[in-house]
> 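My questions will all concern the structure given below.
To find a chain, count down the sequence lines: A is the first, B the second, and so on, and within it residues start at 1. Any value given below was found using the heavy atoms of this structure, including those in side chains, with hydrogens, waters and symmetry copies removed.
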Amino acid sequence: MAGGDVATLADAAALGQYLTQIPAGEPVAVESVGDGGPPDPAISAVGLFHPSAGSAQFVCAGPDVAQSADERGRALVAALGGRTLVGHDVKALAEWWLARGGTLPPVEDTAVVAYLLNPARTNYKLEEVCAELLGEGPGIARPGTRGKWIWDLWAMAPRALAEVGLERLYEDVERPLIGVLAEMERHGIRVDQARLGEFSRELEVHLERTTKEIFGLAGEEFNIGSPKQLAYILFEKLKLPVVKRTKTGYSTDADVLEQLALGHELPARIIEHRTLAKLKSTYADALPTLVNPTTGRIHTSFNQLVAATGRLSSSAPNLQNIPVRTELGRRIRAAFVPEAGRRFLAADYSQIELRILAHVSGEESLIEAFRRGEDIHARTASEVFGVPLDAVTPEQRDIAKTTNFSVIYGVTAFGLSRGLDISPKQAQEFLDRFFARHPKVKAYLARTVKEGRERGFVATLLGRRRYLPELRSGNPNLRGFGERMATNAPIQGTAADLVKIAMVRMAAELRAHRLETRMLLQVHDELLFEVPTGEVERLRALATEVMESAVSLDVPLRVDVKVGDDWAAV
DNA sequence: CACTAGTGCAA
DNA sequence: TATTGCACTAGTG
């Protein structure tokens with residue numbers, strides 16, 4: 001867009017269209033709301049966008065550091081809304097900013113600092129962050145205040161990070177990651193809309209049939225999607241046994257329905273209906289509406305400031321919860337496809353959290369098992385059940401697998417009993433045997449909780465903190481929550497640190513080698529790439545090498561790489 | 001239109 | 001009475 005052009009940004013769609021016309025990396029200035037005067041850094045009145053197809057990635061200044069880039073874009077549009085007031089000499093504004101030599105505080109970077117200083121902060125409203133970090137009163141956003149606060153926060157960042165030993169995590173990981181994520185968002189991922197449309201119609205047919213069966217079995221028509229109406233049918237009309245209650249009434253969740261299904265045909269049909277409705281409404285019908293008309297691809301937002309443990313999250317749409325476990329669900333995943341001449345390559349860390357547990361606890365039996373490349377769940381089963389490795393039954397392995405994961409979550413015997421569908425007494429026995437065989441895991445968990453209580457926070461291997469005031473609560477319930485978070489956060493968070501390091505390094509490698517491969521998605525322990533066919537073998541080696549060497553632990557990291565022509569095939 | 005509750009999808 | 005998320009529908013105000 002040439003300088004002097006007037007953009008009319010009356011709605012989100014118009015803004016999206018406008019932004020997609022701008023070359024990548026070229027900053028674009030958009031006037032903020034209600035401010036007729038010249039750009040004033042004290043008011044932080046100018047937002048600089050990196051054009052991210054379909055949505056705006058605010059990289060500098062902006063009305064509210066609290067919001068995600070996506071929200072800020074929407075807030076801006078809303079504030080402009082109805083009025084066609086933008087219309088600036090975009091080029092002149094951009095030049096104005098560049099001429100200042102970067103003297104405006106980069107808001108994304110500042111927000112990441114605030115996140116690192118306390119990732120568990122539940123609300124990134126700028127006022128609250130500043131109140132806490134700068135010791136200033138919250139609340140009153142007088143004109144000019146926000147800009148000053150961003151300045152102050154940015155100015156204190158080096159000292160604040162140094163105080164808690166987070167300079168490296170910031171400089172080497174979180175800050176470089178901002179650009180990596182922006183690039184991934186901007187690139188987007190292709191979906192085969194025809195496949196989704198066809199699947200949606202199939203689901204519709206199934207749903208109609210299931211609905212009829214349900215009404216027949218219930219003896220009347222009702223809204224199957226309403227837990228309240230369903231509860232009336234199941235527990236009052238049909239008098240089925242009440243298994244579980246919610247705060248407000250009878251529970252009708254999948255667990256409950258599965259139990260009820262043993263004694264009646266209806267609950268099974270409800271489960272089926274729920275499965276189909278979920279796939280149709282959340283995925284098959286929703287995803288095509290999010291395809292950007294300009295790029296023909298879906299552009300998620302990767303949220304860097306949301307998860308209390310340091311993980312990323314994904315929204316609008318969430319591409320970190322695309323179904324994979326059932327055949328039907330995989331039909332959705334199979335609609336994500338590479339461009340012609342390219343393939344998908346997925347690289348995922350094998351049992352990353354258990355490996356981290358082995359490392360941080362120093363538990364020899366786990367470390368040795370990983371070093372030998374053994375099947376870790378079978379190994380656990382062998383130890384806990386006291387049978388030779390090759391005599392472990394699939395059932396025993398399953399129990400061990402659930403127990404392994406449960407320990408990472410800080411589970412209680414009661415929780416494990418639910419997960420394994422056994423009695424709490426039996427579950428307690430499993431846990432006792434597990435800890436007897438893994439004494440250092442037990443010691444590590446106890447130590448972590450104790451240190452968390454004494455210091456007020458727990459930390460990942462790279463120093464990322466999670467503050468847990470709950471650990472000092474007199475309320476046993478709340479304290480229990482705190483203790484489970486305390487045992488889980490360092491492990492989940494260390495995994496997040498590690499994957500982020502791998503992402504930053506992968507992005508650097510792709511660039512350095514001038515590869516055409518693009519990183520598309522991160523799903524916690526997995527990276528998805530779109531790879532020209534000619535680069536596949538090179539990428540396989542590169543991803544394996546970079547990801548496995550992201551950090552050096554007492555156990556090897558293992559990465560599994562799969563290549564395929566849709567996301568269900570990798 | 002904003003909000004909560006219940007539910008279910010992923011790692 | 002298992003960790004971290006996001007989003008759907010129903011229902012309320």
> What residues in residues 414-431 of chain A put a non-hydrogen atom under 4.0 Å from any atom of DNA chain B?
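Residues of residues 414-431 of chain A that come under 4.0 Å of DNA chain B do not exist, since none gets that close.
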> Which pairs count as ring pair (Phe, Tyr, Trp, His ring centres under 6.0 Å) when at least one residue sits in residues 459-484 of chain A, sequence neighbours excluded?
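Non-adjacent pairs meeting ring pair (Phe, Tyr, Trp, His ring centres under 6.0 Å): F457(A)-Y467(A).
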> Are there more than 12 heavy atoms of other residues, nucleotides or ligands under 6.0 Å from atom CG of D421(A)?
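For D421(A), atom CG is not crowded (no more than 12 foreign heavy atoms under 6.0 Å).
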> I'd like to know if the side chain of Q304(A) and the backbone of V112(A) have a donor-acceptor N/O pair within less than 3.5 Å.
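A pair under 3.5 Å: no.
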> Can you measure L276(A) atom CG to dC8(C) atom P for me and round it to whole angstrom units?
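That distance rounds to 18 Å.
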> Could you check if a side-chain atom of I491(A) sits within less than 4.5 angstrom of a side-chain atom of Y409(A), using non-hydrogen atoms only?
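Side-chain contact under 4.5 Å: no.
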> Suppose we screen for salt bridge (charged side-chain N to carboxylate O under 4.0 Å, His left out). Which residues come up paired with K244(A), at least two apart in sequence or across chains?
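Testing K244(A) for salt bridge (charged side-chain N to carboxylate O under 4.0 Å, His left out), a comparison that skips the adjacent residues, returns D253(A).
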> Can you tell me if K228(A) touches the phosphate of dT12(C), counting only side-chain N or O atoms and a distance under 4.0 Å to OP1 or OP2?
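Looking at the OP1 and OP2 atoms of dT12(C), one of them is under 4.0 Å from a side-chain N or O of K228(A).
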> Any side-chain N or O of S314(A) below 4.0 angstrom from OP1/OP2 of dG5(C)?
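Answer no for this pair, as no side-chain N or O of S314(A) is under 4.0 Å from OP1 or OP2.
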> Output yes when R379(A) and E383(A) qualify as a salt bridge under the 4.0 Å nitrogen-oxygen rule, no when they do not.
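E383(A) and R379(A): salt-bridged.
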> Going by number, which of residues 203-214 of chain A have a non-hydrogen atom under 4.0 Å from DNA chain C?
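Output list: empty, so none.
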> Is it the case that dA7(C) (base atoms only) and T282(A) (side chain only) share a donor and an acceptor within less than 3.5 Å, ignoring hydrogens and angles?
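Side chain to base: no pair below 3.5 Å.
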> Strictly distance-based, threshold 3.5 Å: is any side-chain N or O of D375(A) a donor or acceptor partner for the main-chain N or O of A378(A)?
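Yes; at least one donor-acceptor contact below 3.5 Å.
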> Between E530(A) and R190(A) (salt bridge meaning N to carboxylate O under 4.0 Å), is one present in this structure?
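No.
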> Please assess H524(A) against Y349(A) for the test ring-ring contact (aromatic ring centres under 6.0 Å, His included), listing each intermediate value before the final yes or no.
CA-CA 9 Å; H524(A) 308 305; Y349(A) 281 106; over 10 Å; no
> Only counting residues at least two apart or in another chain, list the ones meeting side-chain contact (heavy atoms from CB on, under 4.5 Å) with R433(A).
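For R433(A), the residues satisfying side-chain contact (heavy atoms from CB on, under 4.5 Å) (neighbours in sequence not counted) are V384(A), F385(A).
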> What is the distance, to the nearest angstrom, from the CD atom on Q522(A) to the P atom on dG5(C)?
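Computing the Q522(A):CD to dG5(C):P distance gives 14 Å.
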> Go along nucleotides 4-11 of chain B 5' to 3' and tag each nucleotide: B for a protein heavy atom under 4.0 Å from its base, S when only backbone or sugar atoms are that close, - otherwise.
-SSSBBSB
> For residues 562-570 of chain A, run the donor-acceptor check on the side chains, cut-off 3.5 Å, and write out each pair with its distance to 0.1 Å, sequence neighbours left out.
from: D565(A); atom 1: OD1; to: R343(A); atom 2: NE; distance (Å): 2.8
from: D565(A); atom 1: OD2; to: R343(A); atom 2: NH2; distance (Å): 3.2
from: D566(A); atom 1: OD1; to: A568(A); atom 2: N; distance (Å): 2.7
from: D566(A); atom 1: OD1; to: A569(A); atom 2: N; distance (Å): 2.9

> Among residues 259-271 of chain A, which contact DNA chain C at a heavy-atom distance under 4.0 Å?
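Residues of residues 259-271 of chain A under 4.0 Å from DNA chain C: none.
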> So what does A308(A) hit on the nucleic acid, given a heavy-atom distance under 4.0 Å: a base, only sugar-phosphate, or nothing?
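Contact class for A308(A): sugar-phosphate only.
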> For D432(A) and Q428(A), which I'm curious about, is there any donor-acceptor pair between the side chains at under 3.5 Å?
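There is such a pair (donor and acceptor under 3.5 Å, judged by atom type) between the side chains of D432(A) and Q428(A).
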> Nearest heavy-atom pair of F199(A) and L328(A): which atoms, and what distance?
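So the minimum-distance heavy-atom pair works out to CZ-O, 3.4 Å.
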> Under 3.5 Å, sequence neighbours excluded: what are the donor-acceptor pairs made by side chains of residues 440-448 of chain A?
from: K440(A); atom 1: NZ; to: E364(A); atom 2: OE2; distance (Å): 3.0
from: T448(A); atom 1: OG1; to: Y444(A); atom 2: O; distance (Å): 2.7

> Tell me the interatomic distance from L287(A), atom CG, to dA7(C), atom P, rounded to whole angstroms.
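It is 11 Å, rounded to the nearest whole Å.
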> May I have the distance from L319(A) (atom CG) to dA7(C) (atom C1'), rounded to whole angstrom?
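Taking atom C1' of dA7(C) as the reference, CG of L319(A) is at 12 Å.
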> Side-chain contact, heavy-atom cut-off 4.5 Å: V191(A) with V291(A)?
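Yes, their side chains come closer than 4.5 Å.
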> Which residues within residues 464-482 of chain A lie with some heavy atom under 4.0 Å of an atom in DNA chain C?
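Under 4.0 Å from DNA chain C: R466(A), N477(A), F481(A).
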> Using the rule side chain to side chain contact (heavy atoms under 4.5 Å, CB included), only one of D192(A), L287(A), L521(A), L196(A) pairs with F336(A); which is it?
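Only match with F336(A) under side chain to side chain contact (heavy atoms under 4.5 Å, CB included): L287(A).
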> Around atom NZ of K450(A), are there more than 12 heavy atoms of other residues, nucleotides or ligands at under 6.0 Å?
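No.
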> For the pair made of CD in Q304(A) and P in dC6(C), what is the distance, rounded to whole Å?
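These atoms are roughly 14 Å apart.
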> Check salt bridge (charged side-chain N to carboxylate O under 4.0 Å, His left out) between E272(A) and all other residues, then give those that pass, not counting sequence neighbours.
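E272(A) satisfies salt bridge (charged side-chain N to carboxylate O under 4.0 Å, His left out) with R269(A) once adjacent residues are dropped.
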> For DNA chain C, find the residues of residues 432-453 of chain A with a heavy-atom distance under 4.0 Å and give them by number; none if there aren't any.
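Contacting residues: none.
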> Please determine if D560(A) and R558(A) form a salt bridge, counting it only when a charged side-chain N lies under 4.0 Å from a carboxylate O.
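Counted as a salt bridge, because a side-chain N and a carboxylate O are separated by less than 4.0 Å.
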